[in-house]
Amino acid sequence: MTNIKLFLTDVDGCLTDGGMYYSANGEEMKRFCVYDGMGMVLLRKAGIKCGILTSETTEIVAQRAKKLNLDYLYMGVGRQVDDVKQTKLDVCKQICTEMGISLKDVCYVGDDINDLDLLQAVGLAACPANARPEVKAIPGILHLTRNGGDGAIRELCDKLL
């Protein structure tokens, strides 16, 4: 696990519990675990670049990434834009090219079917305890004991460190 140079994660179901919270005014809210955030801060201090890849585009996620001073934030990944659908794997390959590393140097945490291609391609794939069965079935994937939004990311960060 010490060869990891890039740590990437999905948001909903990994950094959050996967729930969608709305105020009476329709404002969307998400619950993040501070332990997960500290884990990513510690990875960055150890020289491992960190980022988020998500299909959503929300100010909430942008603010969380900014607070954690993440190296990469890609929102709207996997959504159709100008007749081009860029997958999480496509984005990860671009980041790897930019960093001069291979996919084997990447750790990715995902929990749902839109994460499958990237999870199957990286050097270290992991999923929270509440991940979808299709994700848990990936050969060699690291099954974390914590649920998304409840310290799963920190659990993995501690293992990497």
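Sequential numbering from 1 along the given sequence is applied to the chain's residues. What you are looking at is a predicted structure, and each value in this text was computed from that prediction instead of being measured.
Residues that satisfy the side-chain hydrogen bond (donor to acceptor under 3.5 Å, both in side chains) test with K30, not counting sequence neighbours, are D12, E28, E56. Applying the side chain to side chain contact (heavy atoms under 4.5 Å, CB included) test to C33 and every residue at least two apart in sequence or in another chain returns Y35, D36. Partners of N130 under the side chain to side chain contact (heavy atoms under 4.5 Å, CB included) rule, at least two apart in sequence or in another chain, are P128, N147. Checked against side-chain hydrogen bond (donor to acceptor under 3.5 Å, both in side chains), R31 has no partners two or more places apart in sequence or in another chain. Under the salt bridge (Lys or Arg N to Asp or Glu O under 4.0 Å) criterion, D105 pairs with K5, sequence neighbours left out. A search for side chain to side chain contact (heavy atoms under 4.5 Å, CB included) contacts involving D90 returns Q86, T87, not counting sequence neighbours. Listed by chain and number, the residues in a salt bridge (Lys or Arg N to Asp or Glu O under 4.0 Å) with D158 are R154 (sequence neighbours excluded). Qualifying side chain to side chain contact (heavy atoms under 4.5 Å, CB included) partners for T145, counting only residues two or more places apart in sequence or in other chains: E155. With sequence neighbours excluded, the residues forming a side-chain hydrogen bond (donor to acceptor under 3.5 Å, both in side chains) with D115 are K88, Y108, listed by chain and number. Every residue two or more places apart in sequence or in another chain that forms a side-chain hydrogen bond (donor to acceptor under 3.5 Å, both in side chains) with Y72 is listed here: E98.
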Test log, rule side-chain contact (heavy atoms from CB on, under 4.5 Å), inputs M40 and L70: CA-CA 8 Å; M40 294 176 81; L70 297 183; 3.7 Å; yes

Check against side-chain contact (heavy atoms from CB on, under 4.5 Å), V135 and L116: CA-CA 6 Å; V135 171; L116 291 174; 3.9 Å; yes

Candidate pair L42 and L161, rule side-chain contact (heavy atoms from CB on, under 4.5 Å), full reasoning: CA-CA 8 Å; L42 293 172; L161 295 170; 3.6 Å; yes

Derivation of the side-chain contact (heavy atoms from CB on, under 4.5 Å) call for L6 and L8: CA-CA 6 Å; L6 175 63; L8 297 171; 3.8 Å; yes

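Using a 4.5 Å heavy-atom threshold, the side chains of V41 and R44 count as separate. Using a 4.5 Å heavy-atom cutoff, the side chains of D112 and D10 are not in contact. Contact annotation: the side chain of V106 approaches that of I101 to within less than 4.5 Å [non-hydrogen atoms, C-beta and beyond]. Looking at T16 and V11, their side chains come closer than 4.5 Å, going by heavy atoms from C-beta outward.
Not a single donor-acceptor pair under 3.5 Å links the side chain of N25 to the backbone N or O of E27. D71 places no side-chain N or O within 3.5 Å of a backbone atom of G51 that could act as its donor or acceptor partner.
Taking CG from L15 and CG from D111, the interatomic distance works out to 10.0 Å, rounded to the nearest 0.5 Å. L89 CG to N114 CG: the interatomic distance, rounded to the nearest 0.5 Å, is 12.5 Å. Between L53 atom CG and L73 atom CG the span is 8.5 Å, to the nearest 0.5 Å. To the nearest 0.5 Å, atom SG of residue C96 and atom CG of residue L103 are 4.5 Å apart. To the nearest 0.5 angstrom, F7 atom CZ is 6.0 Å from L43 atom CG. In this structure, the separation between CD1 on I52 and CG on L68 is 7.0 Å, given to the nearest 0.5 Å.
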Validation: residues 58-67 side-chain donor-acceptor distances under 3.5 Å, sequence neighbours left out:
from : atom 1 : to  : atom 2 : distance (Å)
T58  : OG1    : V61 : N      : 3.2
E59  : OE2    : Q63 : NE2    : 2.7

In a table with atom names and distances, give each donor-acceptor pair under 3.5 Å that connects a side chain of residues 137-144 to protein atoms at least two apart or in another chain.
from : atom 1 : to   : atom 2 : distance (Å)
H143 : NE2    : K136 : O      : 3.0

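Atom CE of M29 sits in a crowded spot, with more than 12 heavy atoms from other residues, nucleotides or ligands closer than 6.0 Å.
Cluster membership for F32 and Y21, using ILVMFWY side-chain heavy atoms within less than 4.5 angstrom, is not shared.
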